[in-house]
There are 2 protein chains.
Amino acid sequence: MAKITRQRQAVLAALDSATSFCTAQELHDVLRHRGEKVGLATVYRSLQLMADAEEVDVIRSDGGEASYRRCSAKHHHHLVCRVCGRAVEVSGPAVEAWADRVAGEHGFSEVSHTVELSGVCASCSEEGGAEAREL
Amino acid sequence: MAKITRQRQAVLAALDSATSFCTAQELHDVLRHRGEKVGLATVYRSLQLMADAEEVDVIRSDGGEASYRRCSAKHHHHLVCRVCGRAVEVSGPAVEAWADRVAGEHGFSEVSHTVELSGVCASCSEEGGAEAREL
DNA sequence: TTAATTGCAAATCCTTTGCAGATTC
DNA sequence: GAATCTGCAAAGGATTTGCAATTAA
């Protein structure tokens, strides 16, 4: 079973230090800058394993790439700023309830849902275009 | 502006006859079987145009492919069966309102949201594993 | 020791693009 | 006739995979 290798820990650490969702390639860059030598394929493989073990969340961007995020135990969603990329975690009891109800009405069970909100945060909309320097 | 070509109409027709979401490649196959000669690239291009014009819905599957579906004019979401792939359109006034409120609370504007529900539909869960033969 | 893991590069898969010829308006 | 399409094949970008060398247990 799963061995605890330097690479695996590095990927986890990179994931932990990320503010929001990251693609495998972004994580690979982070590791590279940190001086950790980890192959891109290994990053992909590690993320896959973690995703299978449900240790990380996976979402698909519009471009089709997979983004990963280490997830806290509890279920929640994200509100991401389209301009600066800042993300806020929001819990949505209302949404959870809605999802269950709607699913139930249609006879569905074992329901899971994906909810992602995006918009422009206060600072970015005021300044009319402050760039994202923080990634 | 948009020309009405045989290929374009064929893609639209294929999309209309589909029960649920289809990938570009699936649509291409459908057309092929119907005897319509339409290049794969053309299918992609048509779908892109339609998606831009908001004439079709686009979602990303777990595998990373884009799936398209002709949609009614109004905004709505989908409840998809993980087993047979059947999809139900659900409107979510509750979700829309929630999204706006949450975003507002965090100072975000120009909010958009993505919501997809998946589960196992009644027939599939009863039969404990009836396969999806219909695609 | 030994099964699991890594790295690299080649291979895949989905999607996009360049371009010459065909089409719609 | 002019601006748009289409098809094909080549190009791209993300992710996967084969395999020999490496490493944790």
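Keep in mind it's a predicted model, so treat the numbers as computed, not measured. First the proteins, then the strands, lettered A, B, ... as listed; each starts at 1.
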| said: For a quick check, tell me whether the side chain of A/K3 and the base of C/dT5 share a donor-acceptor pair closer than 3.5 Å. | reply: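 No.
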
[X] side-chain proximity, nearest of [options]:
| X | options | value |
| --- | --- | --- |
| A/A41 | D/dA14, C/dC8, D/dC8 | C/dC8 |
| B/I4 | D/dT6, D/dT15, C/dC25 | C/dC25 |
| A/A24 | D/dG7, C/dT15, D/dT15 | D/dT15 |

| request: Would you check if there is a donor-acceptor pair between the side chains of B/Y68 and B/E26 at a distance under 3.5 Å? | output: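 Short answer, no.
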
| query | Without hydrogens or angle criteria, can the side chains of B/S17 and B/R70 be said to hold a donor-acceptor pair below 3.5 Å? | reply |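 There is no such pair between these side chains.
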
Between [N] atom [atom2] and [X] atom [atom1], what is the distance in whole Å?
| X | N | atom1 | atom2 | answer |
| --- | --- | --- | --- | --- |
| B/R45 | C/dT17 | CZ | C1' | 8 Å |
| A/L40 | C/dT5 | CG | P | 18 Å |
| A/Q9 | D/dT23 | CD | C1' | 13 Å |
| A/L31 | C/dT6 | CG | P | 12 Å |
| A/Q7 | C/dC8 | CD | P | 11 Å |
| A/E36 | C/dG7 | CD | P | 10 Å |
| B/L47 | C/dT15 | CG | C1' | 11 Å |
| A/R6 | C/dA4 | CZ | P | 21 Å |

| C/dT5 phosphate, OP1 or OP2: any side-chain N/O from A/R8 under 4.0 angstrom? |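 Yes, because at least one side-chain N or O of A/R8 sits under 4.0 Å from OP1 or OP2 of C/dT5.
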
| said: Can you tell me if A/Y44 touches the phosphate of D/dT15, counting only side-chain N or O atoms and a distance under 4.0 Å to OP1 or OP2? | reply: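 Yes, because at least one side-chain N or O of A/Y44 sits under 4.0 Å from OP1 or OP2 of D/dT15.
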
| task | Would you mind telling me which residue lines up with the more 5' stretch of DNA chain C, B/E65 or B/T5, judged by nearest nucleotide? | result |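 Nearer the 5' end of the strand: B/E65.
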
| field | Side-chain heavy-atom pair A/L27, A/L47 within 4.5 angstrom cut-off | value |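 Result yes, sub-4.5 Å side-chain heavy-atom pair found.
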
| request: Measure the shortest side-chain to side-chain distance between A/M50 and A/L12 over non-hydrogen atoms and say whether it is less than 4.5 angstrom. | output: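 Yes, their side chains come closer than 4.5 Å.
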
| said: Taking A/V38's backbone N and O only, do any of them form a donor-acceptor pair with A/H28's side chain (distance below 3.5 Å, no angle check)? | reply: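 Yes, because the side chain of A/H28 sits within donor-acceptor range (under 3.5 Å) of the backbone of A/V38.
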
| query | Between A/H106 and B/C121, is there a donor-acceptor pair closer than 3.5 Å when you use the side chain of the first and the backbone of the second? | reply |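 Judged by distance alone, no pair lies under 3.5 Å.
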
| Base, sugar-phosphate, or nothing for B/Q48, non-hydrogen atoms under 4.0 angstrom? |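 Since only primed, P, OP1 and OP2 atoms lie under 4.0 Å of B/Q48, the category is sugar-phosphate.
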
| field | the helix from C/dT1-D/dA25 to C/dC25-D/dG1: angle between end helix axes, five pairs per end, rounded to 10 degrees | value |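 Roughly 40°, once rounded to the nearest ten degrees.
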
| request: Salt-bridge test for A/R101 and A/E105: reply yes if a basic N is under 4.0 Å from a carboxylate O, no otherwise. | output: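 A salt bridge is present here (some side-chain N lies under 4.0 Å from a carboxylate O).
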
